[in-house]
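From a predicted model like this one, the values you see are computed outputs, not experimental measurements. Sequential numbering from 1 along the given sequence is applied to the chain's residues.
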Amino acid sequence: MNFRLAHRADIPALAAARWAFRTEDPAELALCDESEFRGRYQSFVRDAMDTGRLSYWIAEDSGGALAAHMAVVIVESIPRPSRALDRWGYLTDCYVRPAFRNQGLGSELLRRVQEWASAHDLELLITWPSDRARSFYARAGFATTSDVLLQQLRDYDAPPASDA
């Protein structure tokens, strides 16, 4: 396996993986076709990578095919006098292709993301894991906390509100 930061050239493969990831669950109904989604995704990721707001880590097999990926959205916090940089990471879009699951690939990729985040002086990494993934993140040092307050403004699976 080759582990590395993704480049712009990886964006089409990341778009295909994101589509596979989000449509793997039959309960998540796509509101557009794959082509439309890929265009929207690629535009978003290209802009976010170019501005440094998003970094993707990928694992590719010996043939160069994408096996897994994880994204870190960099969130700039309001400056404090005690810190030169105030940033934290939102870990999202974490996916291991089915053929590569349960082989330690996700754990190794996450370890590299954590090392990268620490080297870039991010204050913390947060994620909203699925119930199935909670033990994976717990083994990697993530902990449930009561420090964060959350107000859910819409159901995660709800379709977007109409403009009517």
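No donor-acceptor distance shorter than 3.5 angstrom exists from the side chain of H69 to the backbone of C94, with no hydrogens or angles considered. Remark: side-chain polar atoms of D47 are not paired, donor with acceptor, to backbone N or O of F44 under 3.5 angstrom. A donor-acceptor pair is defined here as one N or O able to donate and one able to accept, closer than 3.5 Å; such a pair exists between the side chain of R87 and the backbone of H120. Looking only at distances, no side-chain donor or acceptor of S118 sits under 3.5 Å from a matching main-chain atom of Q114.
Looking at every heavy atom in both residues, A17 comes nearest to L66 through CB-CD2, 3.7 Å. Closest approach of D61 to A67, counting heavy atoms only: N-CB, 4.5 Å.
Partners of S82 under the side chain to side chain donor-acceptor pair (under 3.5 Å) rule, at least two apart in sequence or in another chain, do not exist in this structure.
Annotation: the span from R18 atom CZ to Q42 atom CD amounts to 13.5 Å, rounded to 0.5 Å. Considering CZ of F100 and CG of L109, their distance stands at 12.5 Å, rounded to 0.5 Å. The OG atom of S55 lies 3.5 Å from the CH2 atom of W116; values are rounded to the nearest 0.5 Å. A distance of 12.5 Å separates CG in L54 from CZ in R46, rounded to the nearest 0.5 Å. To the nearest 0.5 Å, atoms OH (Y137) and OG (S107) are separated by 10.0 Å. A distance of 9.0 Å separates CD1 in I11 from OH in Y56, rounded to the nearest 0.5 Å.
Contact check for D86 versus I78: no side-chain heavy atoms found under the 4.5 Å cut-off. Taking the side chain as every heavy atom from C-beta outward, D10 and R8 never approach each other to under 4.5 Å. Residues I58 and L14 have side chains in contact (heavy-atom distance under 4.5 Å, counting atoms from C-beta outward). Side-chain contact check for L110 versus W57: every heavy-atom pair is 4.5 Å or farther apart.
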(request) Report the C-alpha separation of Y95 and R101 in whole Å, then their side-chain angles, then the decisive distance to 0.1 Å, and conclude whether the side chain to side chain contact (heavy atoms under 4.5 Å, CB included) test is met. (result) CA-CA 9 Å; Y95 182 68; R101 292 181 186 161; 3.3 Å; yes
Enumerate, atom names and distances included, each donor-acceptor pair closer than 3.5 Å involving a side-chain atom of residues 122-132, sequence neighbours excluded.
{"unit_1": "E123", "atom_1": "OE1", "unit_2": "R80", "atom_2": "NH2", "d": "3.1"}
{"unit_1": "T127", "atom_1": "OG1", "unit_2": "L91", "atom_2": "O", "d": "2.9"}
{"unit_1": "S130", "atom_1": "OG", "unit_2": "A133", "atom_2": "N", "d": "3.2"}

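Classification of R38 and E34 as a salt-bridged pair holds, one side-chain N sitting under 4.0 Å from a carboxylate O. Contact check on R111 versus E108 returns a salt bridge, with a Lys/Arg side-chain nitrogen under 4.0 Å from an Asp/Glu carboxylate oxygen. Using a 4.0 Å cut-off between charged nitrogen and carboxylate oxygen, R4 and E60 count as a salt-bridge pair.
Using a 4.5 Å cut-off between side-chain heavy atoms of Ile, Leu, Val, Met, Phe, Trp and Tyr, with links allowed through other members, Y90 and M70 fall into different hydrophobic clusters. V72 and F21 fall into different hydrophobic clusters, where Ile, Leu, Val, Met, Phe, Trp and Tyr are joined by side-chain heavy atoms under 4.5 Å apart, directly or via other members. Residues V113 and F3 share a hydrophobic cluster, clusters being chains of Ile/Leu/Val/Met/Phe/Trp/Tyr side chains in contact below 4.5 Å.
Within 6.0 Å of the CG atom in D33, the count of heavy atoms belonging to other residues, nucleotides or ligands exceeds 12.
The aromatic rings of F37 and W19 sit tilted, their planes meeting at an angle between 30° and 60°.
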